[in-house]
2 protein chains.
Amino acid sequence: MSERPYHHGDLTQALISHGLDAARTGGPAAISVRELAKAAGVSATAPYRHFDSLEHLVAAVAQQARELLATRMLTAMDAVDLADPRERAWTRLSACGRAYVEFALAEPGWFATAFHSCQVAPTRPDSPDPWTLLSQTLDELDQLGEVHPALADSATTIAWAAVHGLSGILAGTQPGSLEAEAALRDVLTGVQRALRAERRD
Amino acid sequence: MSERPYHHGDLTQALISHGLDAARTGGPAAISVRELAKAAGVSATAPYRHFDSLEHLVAAVAQQARELLATRMLTAMDAVDLADPRERAWTRLSACGRAYVEFALAEPGWFATAFHSCQVAPTRPDSPDPWTLLSQTLDELDQLGEVHPALADSATTIAWAAVHGLSGILAGTQPGSLEAEAALRDVLTGVQRALRAERRD
DNA sequence: GTGGTATGTTAACACCGTCAACACAGTATT
DNA sequence: AATACTGTGTTGACGGTGTTAACATACCAC
């Protein structure tokens, strides 16, 4: 029965994981240096060997929360299986936005943490990131000529703002809510109407 | 030289005002019961005669922050002076959204406080409120037949989500930033494209 | 082996939210 | 007018927090 060794092994990740646990129910404000240290079975000030301050710690938790969100967006997009490339691209965009909002509804604590100090620019450019994911999806549409030419550069901003804003508004509502689902559909069609090239078919 | 009387007079509003001062620079996290009490020249626990908890106190500050925002939106909308009713209504909508985003840029602390625990529903239905303001503006457009019929009920949600989301994304950026201005114009035109009835003129 | 470095520990400080008990002032009741 | 009551402010205390400084332990390189 090995006694716990003096050195933890991977305290950094352990603190972040327990931080995700705490933030899941209580949001970023529930992240506490001392509590995370206790959860990791370590003294109250040990985290300061891995993070400069509480703020840096929650920033690391926020980073991983964003990665969680990006993963869900990615799997939702990959589940789209349609033959027509145009239809497929639009559906992938909707799946992207839908996963975003549903994440905010199902995990409001994580969502609030992810964009707590809202510096959208990812600190780790190699890790999956919601913004670049959305941007890539819109590039697919743009290359198919589906995006209105005047909005090509701003499409990501428009779509992101709509989806992010709806998430913030609905955050805390129960996921099964009918009005939430209706609002989601409204915003998704609104984004489509805003972005699509005006072709008469 | 009258000594400070035993009773403050209007501690409730004094605490909220100092709370607005604190939140302006530090956001909702900067609001502290003890600090506000000290700022009001009163003992540390006196605020508890007026607010049940810190959370109730920041909720009151958030309420007034929302009223500040609503006031700016209102003055921006009232500054629109155009003859053509359709043009006027659309411009009022843009002014509404522009004031919203510019408030978030100019006063990120207040903005973060205003939507801290994002229950959009105003506790005081008689006070000016950003949501109803936007809703009324869209009603003007709808009565002119400018809003696409299929989106009449969801127009407020779409516009609100776009503007609110952009504000959250840009919050913290310096107000004069060119990219912020560009993003704002993009989103405003995107909202207009999403909402307007498709008439060919 | 020895020194250096990374990591973990203890003790302490200042601050915070909150409660209980008490003190003062104005207001209503008799 | 005297009294009781209610609203408001005060003091003191408790447990919790972030953070620093000084010290201890384990690993790693030479």
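Model, not experiment: these values are computed from the prediction. So that the names make sense, note that chain A is the first sequence line, chain B the second, and so on, each numbered from 1.
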If I take atom [atom1] in residue [X] and atom [atom2] in nucleotide [N], what distance separates them, rounded to the nearest angstrom?
X	N	atom1	atom2	value
Leu15(A)	dG18(D)	CG	P	12 Å
His56(A)	dT19(D)	NE2	C1'	14 Å
Lys38(A)	dT10(C)	NZ	P	13 Å
Asp10(B)	dT8(D)	CG	P	10 Å
Phe51(B)	dT8(D)	CZ	C1'	14 Å
Leu36(B)	dG17(C)	CG	C1'	13 Å

Position toward the 5' end of DNA chain C (nearest nucleotide), Ser53(B) or Arg49(B):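 Its nucleotide being nearer the 5' end, the pick is Ser53(B).
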Sugar-phosphate only, base, or nothing, as touched by Thr45(A) at under 4.0 Å among non-hydrogen atoms: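 Result for Thr45(A) = base.
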Sugar-phosphate, base or nothing in reach of Ser43(B), heavy atoms under 4.0 Å: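 Result for Ser43(B) = base.
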Upstream residue (5' side of DNA chain D) when Leu54(A) and Arg34(B) are each assigned their closest nucleotide: Arg34(B)
Nearest-nucleotide comparison on DNA chain D, the residue closer to the 5′ end among Ala46(B) and Ile31(A): Ala46(B)
Presence of His50(A) side-chain N/O under 4.0 Å of dA6(C) phosphate oxygens OP1/OP2: no
Among dT20(D), dT17(D), dG8(C), the one nearest Tyr48(A) by side-chain distance: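 Nucleotide nearest to Tyr48(A)'s side chain: dT20(D).
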Basic-acidic side-chain contact under 4.0 Å: Asp78(B), Arg92(B):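 Counted as a salt bridge, because a side-chain N and a carboxylate O are separated by less than 4.0 Å.
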Other residues, nucleotides, ligands: >12 heavy atoms within 6.0 Å of Glu55(A) CD: no
Crowding at CG, Asp10(A) (>12 non-hydrogen neighbours, <6.0 Å): yes
Shortest non-hydrogen separation from Phe111(B) to Gly168(B) and the atoms involved: CE2-N, 4.2 Å
